[in-house]
Asker: 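Before we start, here is the structure in question, set down as structure tokens.
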2 protein chains.
Amino acid sequence: MASVAVENYLKSMWELGPADVATQELAQHLAVAPASATRMLQRLSERGLVAHTPYRGASLTTTGERKALAVVRRHRLLETFLARTLKLGRDQLHDEAERLEHALSPALEAAIDDYLGNPQRDPHGHPIPGPQGELPPEGDVALGDWPLDRPAKVSQVPDRDVEKLAWLEAQGLVPGRELRLVARDPFDGGVTVKLDGKLLQVAASVADEVRVSGEGAT
Amino acid sequence: MASVAVENYLKSMWELGPADVATQELAQHLAVAPASATRMLQRLSERGLVAHTPYRGASLTTTGERKALAVVRRHRLLETFLARTLKLGRDQLHDEAERLEHALSPALEAAIDDYLGNPQRDPHGHPIPGPQGELPPEGDVALGDWPLDRPAKVSQVPDRDVEKLAWLEAQGLVPGRELRLVARDPFDGGVTVKLDGKLLQVAASVADEVRVSGEGAT
DNA sequence: TATAAAGTTTAGTCCCAGCTAAAACTCTCA
DNA sequence: TGAGAGTTTTAGCTGGGACTAAACTTTATA
């Protein structure tokens, strides 16, 4: 089994990918020193999990991506499981799943998947990779990029940023919620949306992390 | 937070205690070399978690025991939670909980305890320490030591030994089951019990690990 | 009670994964 | 185009936790 550290590096690589990831970016994401990231990239490279070009960045190999997706799958299954059973709030899920994802055996993973009825999305709306890492094509788009006046449904909200998440939750902006975009600020990228007849200002930084899709899709 | 290794050493010490534990015994229990156990005992001793007398063995300090019980609590809550939600068999619980117990945050522990309604026993009948490590006094006794002909109720079965557990389960010897001891082999310590009118031979090695109590108790 | 056997600790290594400081590389822009 | 800024890598250390081999205690036995 891969160590916790290795799993975290692979997961970060996947989250920052698929383009080449800079050492510094990776290091920041993991809160380690750049030199530590370099060293680990060299190890992962030896093990065939990443392709690392010195001074140029690194990306996951197919094998590496498969392993990364296995971690993501466990993470998202756990979030869904904890939400379903314990009714944890969306803002608590991420950190808990982050800890547990490295300790989930294949048998338990399967049992949870089964219990949940093979869910396709976690409570943040993120797609759950299949047992072999299959991911459905994403049919959604950032809230800020949605055309004006066309009905949309929230498909994904961020999972890491507890601040934004709490705000979104308070406004009822959760996956499944229907809305309409009524205005876009051309300068800062913020948007105004209409929810149940009420208007709501959404800052650009938040709008960037909320994804929406048309009625039919997702 | 104590590392996984430290938590495992403390838990083993607790399981093997409360008398002084020999280095070799501890090492075997954890599947490490005796020298490794010595080194760790020295560390734990420095940190005030065990009292180690060179060449004589070691035992938990009060602080060490508190930490050990916290791990045991997480373990048993997890077993109960997994059994309740996922309907895992008694024989799968131990290994899964063993992995997860080190990754359970205080918040999640509390949420699980709450969800389960503050259970007092895990699915093997083992008592679950309270949040501060409180353990109820045990009113039970090994099956082999129960007097003949007096009605008894199974209170605890082993959790580690999958073989024995599977056998016990197959015979219906699970916590809560009522039985009567009808004979005891004076030589090997095996016993014969009566379950629902049927007679059943129980080998000494198994009888040693099953605990029973009178009707009222437990 | 001496000595052998059994158990324990010390000494010396190894690997992992982090760190800082210094060196090497790349890129930009004057 | 070449100098400095920024990024990345190398070098060298640290600590955790494992291992083996050798030295040392304790216990058991003759």
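All values derive from a computational prediction rather than experimental measurement.
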Asker: How far does CG of A:L49 sit from CD of A:E65, to the nearest 0.5 angstrom?
Answerer: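 Here the interatomic distance stands at 12.0 Å.
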Asker: Under 4.0 Å from a heavy atom of chain A: give me the 5'-most and 3'-most nucleotides of DNA chain C that qualify.
Answerer: C:dC16 to C:dC27
Asker: Shortest non-hydrogen contact from A:T80 to A:P123?
Answerer: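 In this case the closest contact between A:T80 and A:P123 is OG1-CD, 3.5 Å.
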Asker: Hey, can you tell me if A:F81 and B:F81 have their rings parallel, tilted or perpendicular (30° and 60° cut-offs)?
Answerer: tilted
Asker: Do NZ/NE/NH1/NH2 and the carboxylate oxygens of B:K11 and B:E98 come within less than 4.0 Å?
Answerer: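 Answer for the salt bridge query: yes.
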Asker: Could you run through nucleotides 7-16 of chain D and give me one letter per nucleotide, 5' to 3': B if any protein heavy atom sits under 4.0 Å from the base, S if only the sugar-phosphate is that close, - if neither?
Answerer: SBBB-----S
Asker: Atom CG of A:L10 and atom CZ of A:R47: how far apart are they, to the nearest 0.5 Å?
Answerer: 8.0 Å
Asker: Any salt bridge linking A:E7 with A:R74? Criterion: basic side-chain nitrogen under 4.0 Å from a carboxylate oxygen.
Answerer: yes
Asker: When you check the gap from the basic side-chain N to the acidic O, do B:D159 and B:R76 get nearer than 4.0 Å?
Answerer: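 No, B:D159 and B:R76 are not salt-bridged.
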